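Taking it in order: structure first as structure tokens, then the write-up.
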Amino acid sequence: MSNGTSASGKEEKENESQELSLSAALLAPLNSIFEAQVQSARAFLNFILQIGFRHKYEDDERAEIDKKINSSDTDPEHRKELERTRKEIQDYDKARADIRVQLDKSKDPNQQLTPQERADVEDFYRRFGDLYQQCFSYLDSSGNMRTIYVPNLALLPVQPLGISDAKFKFSMEISDTSEKYDQMGTVQSEKKESRPWYLIQPKSVRGTISSGQKRENSRAIEIEMNVKAGDMPFGLHKMLTAITNVSTDTMNNESVRRPGE
């Protein structure tokens, strides 16, 4: 007899723990939409940064790469990726060291670069600047070899996505309604103070989400969402416009050499 009583008591506690207020049941899917929008924005920003901009490795990151390359525990395929990354870092360091004087001179407003020095600086920023760029070489109608440099972000469709609307449908079995619901301190005190005329006396509704059919024990919420392209943020639009204007079409001049050649 005692076992039956304890079992029923346990079941009642489980039912109580599964009960939700109506406001909580309505808020949960709305909150899920907001969280989904946040994750979507993070994924979009991650796309912009990874596709469009080169990562600058700090000293501790470089040391960590060397440590993993030299470690016997590193997977061979992962080691190859790390070695490619280290090669990119070494190429950047060498190119920067070769034109260090020109770079310092370009930042000094009192000094003027020669045509060769300016060509060296522009070539460095095209190959190792913050923007990832694609280069396309071709022969023009005059027989001159030319190269077009276009930033990655100017070649890709960049449009944020967002949830335009959502519909939720669920059934709720009411297990309790309570008069003692304090909405912004509106419940009357023991002194029977008068309530403002514009405040109602709300009820707290509690229950469990169900399928709406008592013969089924499953609980479900039907969700219908539509996703569409969101409006382009004004700052992003200005940035993409500026990046597109960076695209250049230059003629390959044999007299213009790269540093170190």
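Not measured: the values here are computed from a predicted model.
Ser71 places no side-chain N or O within 3.5 Å of a backbone atom of Lys67 that could act as its donor or acceptor partner. Judged purely by atom type and a 3.5 angstrom limit, Thr85 uses its side chain to pair as donor or acceptor with the backbone of Glu81.
Listed by chain and residue number, nothing satisfies the side-chain hydrogen bond (donor to acceptor under 3.5 Å, both in side chains) test with Asp130 (two or more places apart in sequence, or in another chain).
Distance check, rounded to the nearest 0.5 Å: CD of Glu88 to CZ of Arg54 gives 7.5 Å. Taken from OG in Ser32 to CG in Leu27, the straight-line distance is 9.0 Å, to the nearest 0.5 Å. Note that CZ of Arg118 and NZ of Lys105 are 10.0 Å apart. Values are rounded to the nearest 0.5 Å. From Ile33, atom CD1 reaches atom OG of Ser40 across 12.5 Å, with rounding to the nearest 0.5 Å. For the atom pair Gln39 CD and Asn46 CG, the distance stands at 11.5 Å (nearest 0.5 Å).
The aromatic rings of Tyr92 and Phe124 lie tilted to each other, with the angle between the two planes from 30° to 60°. Aromatic ring pairs are classed by plane angle as parallel below 30°, tilted from 30° to 60° and perpendicular above 60°; the pair His55 and Tyr57 is perpendicular.
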- Item | Intermediate values then yes/no, side chain to side chain contact (heavy atoms under 4.5 Å, CB included), Asp104 and Arg100 | CA-CA 6 Å; Asp104 293 341; Arg100 181 179 56 83; 3.8 Å; yes
- Query: Going through the distances and angles, do Glu122 and Thr248 end up as a side chain to side chain contact (heavy atoms under 4.5 Å, CB included)?
  - Reply: CA-CA 11 Å; Glu122 290 177 353; Thr248 57; over 6 Å; no
- Going through the distances and angles, do Glu35 and Asn31 end up as a side chain to side chain contact (heavy atoms under 4.5 Å, CB included)? CA-CA 6 Å; Glu35 290 179 353; Asn31 186 61; 3.1 Å; yes
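Looking at heavy atoms from C-beta onward, Asp60 lies out of side-chain contact with Glu64 at the 4.5 angstrom threshold. Using a 4.5 Å cut-off on side-chain heavy atoms (C-beta onward), Ile89 and Ile65 make contact.
Of the listed residues (Arg96, Gln102, Lys94), just one forms a side chain to side chain donor-acceptor pair (under 3.5 Å) with Asp98, and that residue is Lys94. A side-chain contact (heavy atoms from CB on, under 4.5 Å) with Leu82 is found for exactly one of Thr74, Asp75, Asn70, namely Thr74.
Heavy-atom contacts from other residues, nucleotides or ligands closer than 6.0 Å to CD of Gln112 number 12 or fewer. Other residues, nucleotides and ligands contribute more than 12 heavy atoms inside 6.0 Å of the CZ atom of Arg79. Enclosure of atom NZ in Lys56 by more than 12 non-hydrogen atoms of other residues, nucleotides or ligands within 6.0 angstrom is indicated. Annotation for Arg62: atom CZ counts as buried by contact number, over 12 foreign heavy atoms lying within 6.0 Å. No more than 12 heavy-atom neighbours from other residues, nucleotides or ligands sit within 6.0 angstrom of CZ on Phe234.
Under a hydrophobic-cluster definition in which Ile, Leu, Val, Met, Phe, Trp and Tyr are linked whenever side-chain heavy atoms come within less than 4.5 Å, directly or via other members, Ile148 and Tyr132 are assigned to different clusters. Hydrophobic clustering (ILVMFWY, side-chain heavy atoms < 4.5 Å, transitive): Tyr149 and Leu155 are in distinct clusters.
Nearest heavy atoms, Val150 versus Ala154: CG1-CB, 4.0 Å. Contact detail for Phe128 and Asp91: the closest heavy-atom pair is CZ-O, 3.8 Å. Contact between His237 and Thr241 at its shortest, heavy atoms only, is O-OG1, 2.8 Å. Shortest non-hydrogen contact noted between Val158 and Leu153 is CG2-O, 4.2 Å. Considering all non-hydrogen atoms of both residues, Ile48 and Phe53 come closest at O-CD1, 3.7 Å. The two residues Asp120 and Ile99 come nearest to each other via the heavy atoms O-CD1, 3.9 Å.
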